[in-house]
S.K.: 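Before we start, here is the structure in question, set down as structure tokens.
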Amino acid sequence: MNINLLDRNSNPAIILAGILALIVGVGVARFVFTSLLPPMLDDFLTITFAGVLASINFVGYLGGSIFAIFIKDINTKVKFFRFGIFLCLATTLVLGISSNETLWAISRIVAGFGAAMALVVGSAIVMTKLKMDNKTKAMGIHFSGIGFSVFVTDLIVRAVFAYEGSWRDAWIVLTIFGFIASMYSMYILSFDKELKQNVVKHKFDKSLFSPFVILLIIAYFTEGVGFVVQGTFLPDIINSLEGLDGYGSFTWTLVGLAGIPSCIIWMTLANKFGSVNIIIIAMLLQVVGILISALTTNVYLNLFSGVLYGGTFVGLVALFMNLGGKLAGSNPVILMGALTTAYGIGQVGAPLYSVKLIEIYGNYSNALYVTAAIVLAGVVLLFVAKKFATQEQSRI
């Protein structure tokens with residue numbers, strides 16, 4: 001089979017462009033901040049300011065995600081996708097050339113908005129452009145880009161440090177890499193001519209928000225909390241443990257590697273055993289991963305905590321959003337908005353209580369215990385939700 005990766009209408013080219021967009025939008029504009037956190041804490045940042053930056057980054061992402069849901073016209077989506085990529089690159093450059101805390105704060109919130117354009121709007125363009133009857137598997141491959149975004153940006157950081165570069169150099173190199181990668185994504189994820197679309201107006205349907213769905217939304221809030229604490233602090237958490245200084249970066253690399261296949265694996269299991277059942281299992285595994293660093297300094301178990309985190313957080317986003325899409329049927333906008341908002345509120349709040357607990361106790365343990373308890377509460381809610389599920393809902 002002849003594959004032309006410069007053909008805008010080639011499925012492999014569309015998927016590759018989508019993955020590269022995620023590496024730039026989610027990796028460069030978000031996750032690599034976690035990878036660079038230990039050297040930045042040694043040199044420039046305080047743990048409190050790092051937590052505030054993480055929180056406001058998610059404020060930007062939350063705002064962008066909700067805004068993206070209401071962009072109906074595909075041609076407008078392409079424009080906002082490109083604008084978002086530009087914001088991701090510009091705000092990354094700011095971190096490499098400025099030491100102004102106000103500029104850093106503005107850049108993180110704007111980067112969050114850009115990341116939402118790359119992930120939410122970019123994924124919508126990928127889904128629209130793909131030419132196949134069943135797009136579920138292809139979108140699973142596309143979302144593996146979230147795992148790649150952690151892994152690839154982490155490798156770039158490692159390469160910069162291997163050549164005696166600083167964390168500031170890393171931000172500049174990441175900007176250059178992002179610019180090159182985004183050129184391909186922006187070329188492929190566009191259309192030769194403007195598409196004419198019928199824009200459907202969705203009305204609010206109260207019947208959609210059954211007790212089952214409300215509990216699902218609250219459970220997704222708890223997953224937003226569970227995602228953030230390790231997603232913001234994991235390398236520093238590992239480095240802070242006795243005898244594990246220096247292992248944080250290896251753990252973060254494992255997060256990326258585990259995240260790459262996780263979406264496809266979890267979605268396959270959900271199709272076979274039911275979405276809610278598989279979400280419960282994934283969240284329980286995440287609880288185990290969160291607690292490991294609070295309970296032991298064993299190097300292998302803590303490296304495994306990175307595998308559990310990377311292997312669950314990407315899949316859980318896909319599982320919840322896929323379930324929400326199926327429950328909503330022909331009216332996905334309101335339910336997707338509610339799920340995204342709940343997840344986003346969890347993301348914004350988690351770094352703030354974490355840094356407060358770190359300030360009080362001088363370590364990460366209590367922040368990890370609270371986070372694990374919140375995610376476990378989400379699991380309990382899902383067990384309760386199953387009692388309210390109709391036969392049709394329980395089969396999804």
Side-chain angles (χ1 to χ4, degrees), residues 19 22-23 26-27 30-32 34-35 119 123 136-137 139-155 219-220 222-235 237-238 244 247-296 298-323 343 346-347 350 364 368 371-372 374-376 378-379 382:
I19 289 172
L22 289 176
I23 291 171
V26 184
R30 168 63 193 101
F31 279 124
V32 81
T34 306
S35 189
L119 174 59
S123 299
T136 304
K137 187 175 179 183
M139 290 307 291
I141 297 169
H142 165 70
F143 283 115
S144 71
I146 298 175
F148 276 113
S149 76
V150 175
F151 182 62
V152 172
T153 54
D154 185 63
L155 288 183
Y220 199 40
T222 71
E223 173 49 27
V225 173
F227 158 72
V228 167
V229 177
Q230 286 178 298
T232 303
F233 302 111
L234 186 60
I237 292 171
I238 303 298
L244 298 188
Y247 280 97
S249 63
F250 291 112
T251 311
W252 190 246
T253 305
L254 290 173
V255 169
L257 283 172
I260 291 168
S262 68
C263 193
I264 298 166
I265 294 168
W266 288 116
M267 293 289 277
T268 303
L269 290 170
N271 285 334
K272 191 170 183 182
F273 299 106
S275 295
V276 176
N277 294 329
I278 296 304
I279 288 171
I280 287 170
I281 291 168
M283 288 179 72
L284 285 171
L285 287 173
Q286 193 173 72
V287 169
V288 172
I290 291 166
L291 288 174
I292 284 173
S293 297
L295 296 173
T296 179
N298 181 282
V299 61
Y300 299 110
L301 285 175
N302 276 282
L303 288 171
F304 185 56
S305 75
V307 174
L308 288 176
Y309 174 65
T312 55
F313 87 87
V314 183
L316 279 163
V317 172
L319 287 166
F320 270 102
M321 296 310 282
N322 184 59
L323 176 57
Y343 189 74
Q347 288 179 317
Y364 285 98
L368 292 168
T371 304
I374 291 170
V375 178
L376 195 58
V379 172
L382 288 171

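Not measured: the values here are computed from a predicted model.
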S.K.: Using side-chain heavy atoms (C-beta onward) and a distance below 4.5 Å, is F313 in contact with I146?
M.R.: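 Of all side-chain heavy-atom pairs linking I146 with F313, at least one is under 4.5 Å.
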
S.K.: What residues form a side-chain hydrogen bond (donor to acceptor under 3.5 Å, both in side chains) with Y309, not counting sequence neighbours?
M.R.: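 With neighbours one apart ignored, the set is empty.
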
S.K.: Could you give me the CA-CA distance, side-chain angles and deciding distance for I238 and L234, then say whether side-chain contact (heavy atoms from CB on, under 4.5 Å) is met?
M.R.: CA-CA 6 Å; I238 303 298; L234 186 60; 4.1 Å; yes

S.K.: Just to verify, what does V150 make a side-chain contact (heavy atoms from CB on, under 4.5 Å) with, not counting sequence neighbours?
M.R.: F31, W252, V255

S.K.: Once rounded to the nearest 0.5 Å, what's the spacing between atom CG of L291 and atom OG1 of T371?
M.R.: 9.5 Å

S.K.: Between I292 and L301, what is the shortest heavy-atom contact and its length?
M.R.: CG2-O, 3.3 Å

S.K.: Is it the case that the side chain of T34 and the backbone of F233 share a donor-acceptor pair, with hydrogens and angles ignored and the cut-off at 3.5 Å?
M.R.: no

S.K.: What are the two closest heavy atoms between S305 and T251, and how far apart are they?
M.R.: OG-CG2, 4.4 Å

S.K.: F143: which residues meet the ring pair (Phe, Tyr, Trp, His ring centres under 6.0 Å) condition with it, sequence neighbours left out?
M.R.: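 F143: no ring pair (Phe, Tyr, Trp, His ring centres under 6.0 Å) contacts found.
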
S.K.: How far apart are the closest heavy atoms of L22 and L119, and which atoms are they?
M.R.: CD2-CD1, 3.2 Å

S.K.: Could you give the side-chain donor-acceptor pairs of residues 257-267 under 3.5 Å, partners two or more places apart or in another chain?
M.R.:
from : atom 1 : to   : atom 2 : distance (Å)
S262 : OG     : G259 : O      : 3.0
W266 : NE1    : G311 : O      : 2.5

S.K.: Tell me every residue that passes ring pair (Phe, Tyr, Trp, His ring centres under 6.0 Å) with Y220, counting only those two or more places apart in sequence or in another chain.
M.R.: F320, Y343

S.K.: How close do I237 and S293 get, counting heavy atoms only, and between which atoms?
M.R.: CG2-CB, 3.7 Å

S.K.: Please report the interatomic distance CE(M321) to OG(S123), rounded to the nearest 0.5 Å.
M.R.: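 Output value for this atom pair is 10.0 Å.
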
S.K.: Starting at CZ of F250, measure out to CG of D154 and round the result to the nearest 0.5 Å.
M.R.: 10.0 Å

S.K.: Between S35 (side chain only) and V32 (backbone N and O only), is there a donor and an acceptor less than 3.5 Å apart?
M.R.: no

S.K.: Does any non-hydrogen side-chain atom of K272 lie less than 4.5 Å from one of T268?
M.R.: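 When only atoms from C-beta onward are counted, K272 and T268 do not touch, as no gap falls below 4.5 Å.
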
S.K.: Report the C-alpha separation of Y247 and V299 in whole Å, then their side-chain angles, then the decisive distance to 0.1 Å, and conclude whether the side-chain contact (heavy atoms from CB on, under 4.5 Å) test is met.
M.R.: CA-CA 8 Å; Y247 280 97; V299 61; 3.6 Å; yes

S.K.: Counting only pairs under 3.5 Å, give me each side-chain donor-acceptor contact of residues 280-290, with atom names and distances, residues two or more places apart or in other chains.
M.R.:
from : atom 1 : to   : atom 2 : distance (Å)
Q286 : NE2    : E223 : OE2    : 3.2
Q286 : NE2    : T312 : OG1    : 3.4

S.K.: Would you name the heavy atoms of L319 and A270 that are closest together and state the gap between them?
M.R.: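 Smallest interatomic distance, heavy atoms only, reads CD2-CB, 3.5 Å.
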
S.K.: Hey, are T232 and R30 close enough side-chain-wise for a donor-acceptor pair under 3.5 Å?
M.R.: yes

S.K.: Kindly say whether S249 contributes a backbone atom to a donor-acceptor pair with the side chain of T253 at under 3.5 angstrom?
M.R.: yes

S.K.: Is there a donor-acceptor pair closer than 3.5 Å between any side-chain N or O of N322 and the backbone N or O of A318?
M.R.: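 No, because the side chain of N322 does not come within donor-acceptor range (under 3.5 Å) of the backbone of A318.
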
S.K.: Please give me the minimum heavy-atom distance between I23 and T153, naming the atom from each residue.
M.R.: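 Minimum heavy-atom contact is O-CG2, 4.1 Å.
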
